[in-house]
Amino acid sequence: MKLQKLLPRPPILTSSGSDVWEFLCSHVSGLDPDHRLRLSVSRVVHGGGVPRLGSLASRVDLLDLGGEGLEPGLILCLDEVGMGQEGGRFTRASWVTWGLPRPSVNLFLAPMLARVSAGMHESDAHAIQEIVASNTFLKRKIRTDITVEDVLTPLSYRIYPDSPLGEIQQLMMRRGVAALPVVGANHELLGIITIADVLTHTLPGHESGNASARTVPVARDLMTRSVLCVSEDESLLVASRSMIARGVSMLPVVREGEIIGFLTRGTVMRAFAEAIVI
């Protein structure tokens with residue numbers, strides 16, 4: 001969804017106080033009765049909730065009113081100083097959003113607004129009006145129906161069944177990766193090796209139950225062959241639930257049998273965190 005679809009009129013509100021939530025509660029009655037912001041604020045007020053402000057940048061906040069299932073919207077509230085015909089400087093800016101799923105806010109909208117907001121406290125209201133009205137801003141896209149493909153960590157490294165333990169250790173330590181896929185000649189996924197698998201074969205006291213085991217283990221000796229995978233077009237929510245239910249820290253992402261990346265717990269936590277994540 002392009003940002004211009006998120007901006008109802010007016011796209012910018014000006015206030016005379018620093019508490020954007022109090023300002024909204026006091027002034028949205030001046031908007032049309034069916035204005036999306038007015039309806040969203042009323043819903044939160046009637047529910048007895050108080051939305052939390054999260055910091056995006058210096059003197060710039062994001063107020064997420066929540067409300068998945070509502071039509072999404074986005075408005076910029078400026079705390080003006082010396083507002084006049086030529087515009088005026090502001091002491092604080094607050095982006096107010098509603099109706100967007102939390103992963104859309106945390107993973108896409110908040111980081112983008114943080115970049116847009118960089119240095120905004122040096123601008124006046126007229127300059128900010130121009131930023132919000134520009135095609136550069138309006139044409140930016142925000143994902144609303146998030147799939148695994150949107151957030152996966154692309155595959156950077158892979159190993160083969162005959163890769164020796166020492167090579168696997170060096171790759172993990174040098175590149176800081178917690179798991180490596182073991183692939184065949186056509187890059188089909190054969191198994192996964194995690195740090196836990198490596199430690200099992202390197203800690204003192206480990207003894208193999210196979211008398212004919214190699215002196216130096218290779219990938220096929222260490223890897224887990226039965227691996228839960230997820231497709232790239234799977235819903236992020238569904239894939240996340242599978243990860244938690246299986247108690248795994250990451251899921252390989254496959255496309256037509258070939259691994260293309262990983263979905264990690266860290267990504268899932270950022271996506272669904274109640275706090276705004278930049």
ask   = Could you give the distance from CZ (R52) to CG (L63), rounded to the nearest 0.5 Å?
value = 11.5 Å
Throw together a table of side-chain donor-acceptor distances under 3.5 angstrom for residues 256-266, partners on residues two or more places apart or in other chains.
residue	atom	partner	partner atom	Å
T264	OG1	T267	N	3.2
T264	OG1	T267	OG1	3.1
R265	NE	V248	O	2.9
R265	NH2	V248	O	3.3

ask   = F108: what forms a ring-ring contact (aromatic ring centres under 6.0 Å, His included) with it, not counting sequence neighbours?
value = none
ask   = Of all heavy-atom pairs between M250 and A178, which one has the smallest distance, and what is that distance?
value = CE-CB, 4.3 Å
key: Co-membership, hydrophobic cluster, residues I276 and I146, 4.5 Å side-chain   = yes
message = Would you say V268 ends up clustered with L228 if hydrophobic residues are merged whenever their side chains have heavy atoms under 4.5 Å apart, either directly or through other cluster members?
response = yes
request  = Check whether any side-chain heavy atom of L62 sits under 4.5 Å from a side-chain heavy atom of V105, and report yes or no.
outcome  = yes
inquiry  = Using 0.5 Å steps for rounding, measure from the CG atom of L53 to the CG atom of D64.
reply    = 10.5 Å
request  = Please confirm whether the backbone N or O of V182 pairs with a side-chain atom of R158, one donor and one acceptor, at under 3.5 Å?
outcome  = no
inquiry  = Would you compute the distance between atom CG of L6 and atom NZ of K141 and round it to the nearest 0.5 angstrom?
reply    = 13.0 Å
Exam field: side chain R102 to backbone E274, donor-acceptor pair closer than 3.5 Å = yes
key: Any V218 side-chain heavy atom under 4.5 Å of D221 side chain   = yes
Residues forming a side-chain contact (heavy atoms from CB on, under 4.5 Å) with P11, sequence neighbours excluded = L7, R9, V132
ask   = How far apart are the closest heavy atoms of L107 and R270, and which atoms are they?
value = CD2-CB, 4.1 Å
remark   = Those residues at least two apart in sequence (or on a different chain) that pass side-chain contact (heavy atoms from CB on, under 4.5 Å) with S231 are D233, E234
query = Hey, are the side chains of V183 and E188 touching, using non-hydrogen atoms and a 4.5 Å cut-off?
reply = no
task = Examine distances only and state if a side-chain atom of T194 and a backbone atom of A179 form a donor-acceptor pair shorter than 3.5 Å.
result = no
ask   = Does the H35 side chain pair with the main chain of L31, one donor and one acceptor, at a distance under 3.5 Å?
value = no
request  = Report yes or no: does S26 contribute a side-chain atom to a donor-acceptor pair with the main-chain N or O of F23 at less than 3.5 Å?
outcome  = no
message = Is it the case that atom CE in M173 sees more than 12 heavy atoms from other parts of the structure closer than 6.0 Å?
response = yes
inquiry  = So V45 and C25, do their side chains get closer than 4.5 Å, heavy atoms only?
reply    = yes
query = Going through the distances and angles, do L13 and C77 end up as a side-chain contact (heavy atoms from CB on, under 4.5 Å)?
reply = CA-CA 5 Å; L13 301 176; C77 290; 4.1 Å; yes
message = Check whether R225 reaches the backbone of R220 with its side chain - one donor and one acceptor, N or O, closer than 3.5 Å.
response = yes
query = Is a donor on one side and an acceptor on the other found under 3.5 Å between the side chain of N106 and the backbone of P103?
reply = no
request  = Output all residues satisfying salt bridge (Lys or Arg N to Asp or Glu O under 4.0 Å) with E232, sequence neighbours left out; order by chain, then residue number.
outcome  = R255
Side-chain donor or acceptor of D19 paired with backbone N/O of W21 under 3.5 Å = yes
inquiry  = Can you tell me how far apart CG (L37) and CG (L24) are? Round to the nearest 0.5 Å.
reply    = 5.5 Å
ask   = If you measure from the Lys or Arg side-chain nitrogens to the Asp or Glu carboxylate oxygens, is any gap between R38 and D32 under 4.0 Å?
value = no
query = Any side-chain heavy atom of M112 within less than 4.5 Å of one from L3?
reply = yes
ask   = Are V230 and F272 connected in the hydrophobic side-chain network, where two residues link if heavy atoms are under 4.5 Å apart?
value = yes
request  = For R92, enumerate each residue passing the salt bridge (Lys or Arg N to Asp or Glu O under 4.0 Å) test, keeping only those at least two apart in sequence or located in another chain.
outcome  = D61
task = Looking only at non-hydrogen atoms, find the nearest pair between L65 and P51 and report the distance.
result = CD2-CG, 3.5 Å
ask   = Is a donor on one side and an acceptor on the other found under 3.5 Å between the side chain of T97 and the backbone of G73?
value = yes
note = Distance col, row R115:CZ vs L56:CG, nearest 0.5 angstrom, shows 11.0 Å
inquiry  = Could you check whether any side-chain heavy atom of P111 comes within less than 4.5 Å of a side-chain heavy atom of L113, counting everything from C-beta outward?
reply    = no
message = Minimum heavy-atom separation for P181 and L189, please, with both atom names.
response = CB-CD1, 3.9 Å
inquiry  = Count I, L, V, M, F, W, Y as connected when their side-chain heavy atoms are under 4.5 Å apart, and connections chain through other members. Are I75 and F137 then in the same cluster?
reply    = no
ask   = Out of curiosity, does I12 fall in the hydrophobic cluster containing L138 (side-chain heavy atoms, cut-off under 4.5 Å, transitive links)?
value = yes
key: Closest heavy-atom pair and its distance - I195, M172   = N-CE, 3.8 Å
ask   = Quick one: CD on E167 to CG on L180, what's the gap to the nearest 0.5 Å?
value = 10.0 Å
ask   = Does some side-chain heavy atom of R143 sit less than 4.5 Å from a side-chain heavy atom of V151?
value = no
remark   = Heavy-atom nearest pair, H201 first then L222, reads ND1-CG, 3.8 Å
request  = Taking the side chain as every heavy atom from C-beta outward, state whether L74 and V96 have any atom pair closer than 4.5 Å.
outcome  = no
ask   = Quick check: are there more than 12 heavy atoms from other residues, nucleotides or ligands sitting under 6.0 Å from CZ of R174?
value = yes
inquiry  = Using the rule given for side-chain contact (heavy atoms from CB on, under 4.5 Å), can you reason through H46 versus S42, listing the C-alpha separation, both sets of side-chain angles and the distance that settles it, and then say yes or no?
reply    = CA-CA 6 Å; H46 292 154; S42 297; 4.2 Å; yes
request  = Report yes or no: does T202 contribute a side-chain atom to a donor-acceptor pair with the main-chain N or O of V198 at less than 3.5 Å?
outcome  = yes
